[in-house]
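Quantities reported herein were computed from a predicted structural model and do not represent experimental measurements. Chain letters run A, B, ... following the sequence lines, proteins first, then strands; residues in each count from 1. In what follows, every heavy atom counts, from backbone to side chain, and hydrogens, waters and symmetry copies are set aside.
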Protein chains: 2
Amino acid sequence: MTAIKTKKQQIYEAAARLFRDKGYPATSMRHLAEAVDLKASSLYNHIGSKEDLLRDICFENAHKFLTHLKTVSESDLSHLEKVKALIELHLTMATEELTSVTAFNDEWRHLSEPWLSDFVQLRKDYEKGFLKIIQEGIQAGEIQAADPQTLLYTLLSAMRWLYDWVKPDKPMATDSVKQELAGFLVRGLVK
Amino acid sequence: MTAIKTKKQQIYEAAARLFRDKGYPATSMRHLAEAVDLKASSLYNHIGSKEDLLRDICFENAHKFLTHLKTVSESDLSHLEKVKALIELHLTMATEELTSVTAFNDEWRHLSEPWLSDFVQLRKDYEKGFLKIIQEGIQAGEIQAADPQTLLYTLLSAMRWLYDWVKPDKPMATDSVKQELAGFLVRGLVK
DNA sequence: ACAATACGAATGAACGTTCGTTTGCAAAGA
DNA sequence: TCTTTGCAAACGAACGTTCATTCGTATTGT
C-alpha cells in the first residue's frame, strides 16, 4: 500500500508519453531509459520488450472502451443518450488517460502480427457496436443522419482533437471544453 | 509536356504514400526505393535527402491551405459561407491530395529545426485566420455563440477522418460523404 | 549473532541488424 | 564528349536486445 509507483509503472507511463510525443518508431529505448533515470539495459529487468509496452497500452485501452460500450449498450438509456454517454466516455478518457489513449489511437499500427490483426478486430468490434446505437437512433427518429457510417467517423474524429491539442502544460478548462464540445456534436445530431 | 511522370515525381508520391501508411520514421529509404523500382543509393540522384521529401511535402501543403484561406478571407462571402468554403477546401484536399495531406497533417513533427519552428508558425497562422472568421461569424450572429477555439479544433478534427478512414481501394461515394459531413458540421454551427 | 545464500536492480560492453548517406564506377542518352 | 542515371559496396551511427557482472538488501541456516 505504498504511495510510490513501481519502476515498471514509471516505465509504462514514460513510454506512453514518449509514444505520444515522438511516435513509437521514433522512441528509442535509450531515450525511454533516460526518462526514467535508467540505462537502456536496465529496462529489461522490468519489461519484456519495446513492443510489449505498445501492446499492453493498446490492448488495455481497447478493453476499457469495449467494456464501457457494452455497459452503455445494455443500459436502458434512450438512443441519443447512449450516444451522449459514449461521447462523454471519449472526452473523459481524452483528459484522464491522455498519454496512453494517444498511443492507443495512433500507434497501434506499429504492432506486429498477430497482435495487429487482433487489435484491428477489437477496433472493428467497437465501431460496430457504436454504429449499431447510431442506426437504432436514426430508426427511432431520435438522430438525424443519412449515412450512419459517416456520422460515426465524424464523431470519432471530432472527439480526437483533445488528444492532439490538449497539452498538460496548457490545462484549459477541460470541463467547460468538454461540455461545449459535447453540445456542438449533439446539436449536429438531433433532428 | 510529356504525359509520363518524372522519376522525381514518382519518388515524392511514393514517399507521401509511405509516410502516410507507415509514418516518416518507419519509412526506410530502401523501402522507398523498392516502391519506385530503384536501389536506395539511386534515390540520391533525384532527391537531396529523406528529410527533404518530408519538408517539401509539408510546406507545399501549408502553402496551399494558406493561399486558399487568404482568398476566402478577402472574399465578400458571409461569415458562415466562408466557414463552409474552408470546410469544402479541407474535404477536397482530403480526397484529391490524399497521401500528401496526411503527411502534412501528422508527420510534420518529425521535421528538425529550424524547419519545425517555421512550419509550426505557418500552422498557427492558418489557425489564427480560420479562428478570426469564426469569431466574426459569432459576433455577426451567424454562428452559434461558443468558444471559438473549441469550435475551430472540433471542425479541424472532424474533417480529418477522411484522411484516416478513406482508403484508395475503398472509394466510397465521396461527394455524398462530403455533403453529409459538411451538413453535420454546419448544423452544429448555426444558431 | 553471524555467516551464507538468494535475489532484485543497475550497469558497461558488446551483439547483430538496420538506418541514411557517400563513393567509385559502369552504362546510356544528349 | 559530357551529363544523367543506376548500382554495388561501404561508411559511421543508431537501433533493440543480451550478457556477465556488481552492488545492495533481504532471507536463511546454524
TODO: Would you mind reading off the distance between A/D52 atom CG and D/dG16 atom P, rounded to a whole angstrom?
DONE: 14 Å

Open item on the list: Check for me whether A/K50 meets the cation-pi criterion with A/Y24, that is, NZ or CZ under 6.0 Å from the six-membered ring centre and within 45 degrees of the ring axis.
Closed with: yes

Open item on the list: Can you measure B/M29 atom CE to D/dC11 atom C1' for me and round it to whole angstrom units?
Closed with: 16 Å

Task: Euclidean distance, atom CD1 of residue A/I47 to atom P of D/dG16 [Å, nearest integer] - done: 10 Å

Open item on the list: So if I take residues 31-45 of chain A and measure heavy-atom distances to DNA chain C, which residues fall below 4.0 Å?
Closed with: A/L38, A/K39, A/S41, A/S42, A/N45

Task: B/R30 side-chain proximity, nearest of C/dC19, C/dA10, D/dT17 - done: C/dC19

- [ ] Measure the distance from CG on A/L53 to C1' on D/dT17 and round it to the nearest whole Å.
- [x] 13 Å

Open item on the list: Nearest whole Å is fine: how far is C/dT22 C1' from B/K50 NZ?
Closed with: 17 Å

- [ ] Take atom CD of A/E51 and atom P of D/dC15, then tell me their distance rounded to the nearest Å.
- [x] 18 Å

Task: Candidate pair B/Y126 and B/H90, rule ring-ring contact (aromatic ring centres under 6.0 Å, His included), full reasoning - done: CA-CA 12 Å; B/Y126 183 77; B/H90 278 256; 5.8 Å; yes

Task: Test side-chain contact (heavy atoms from CB on, under 4.5 Å) applied to A/N105 and A/V101, step by step - done: CA-CA 6 Å; A/N105 260 293; A/V101 165; 3.3 Å; yes

Open item on the list: side-chain hydrogen bond (donor to acceptor under 3.5 Å, both in side chains), that's the test. Do B/Q121 and B/S117 meet it? Break it down for me.
Closed with: CA-CA 6 Å; B/Q121 188 55 52; B/S117 295; over 6 Å; no

TODO: Kindly say whether A/K22 contributes a backbone atom to a donor-acceptor pair with the side chain of B/H110 at under 3.5 angstrom?
DONE: yes

Less than 3.5 Å apart, which donor and acceptor atoms pair up between the side chains of residues 56-65 of chain B and the rest of the protein, not counting sequence neighbours?
{"from": "B/D56", "atom 1": "OD2", "to": "B/Y12", "atom 2": "OH", "distance (Å)": "2.4"}
{"from": "B/N61", "atom 1": "ND2", "to": "B/I57", "atom 2": "O", "distance (Å)": "2.8"}
{"from": "B/K64", "atom 1": "NZ", "to": "B/E97", "atom 2": "OE1", "distance (Å)": "2.9"}
{"from": "B/K64", "atom 1": "NZ", "to": "B/E97", "atom 2": "OE2", "distance (Å)": "2.8"}

Task: Distance in angstrom units between A/I11 CD1 and D/dT17 P, rounded - done: 13 Å

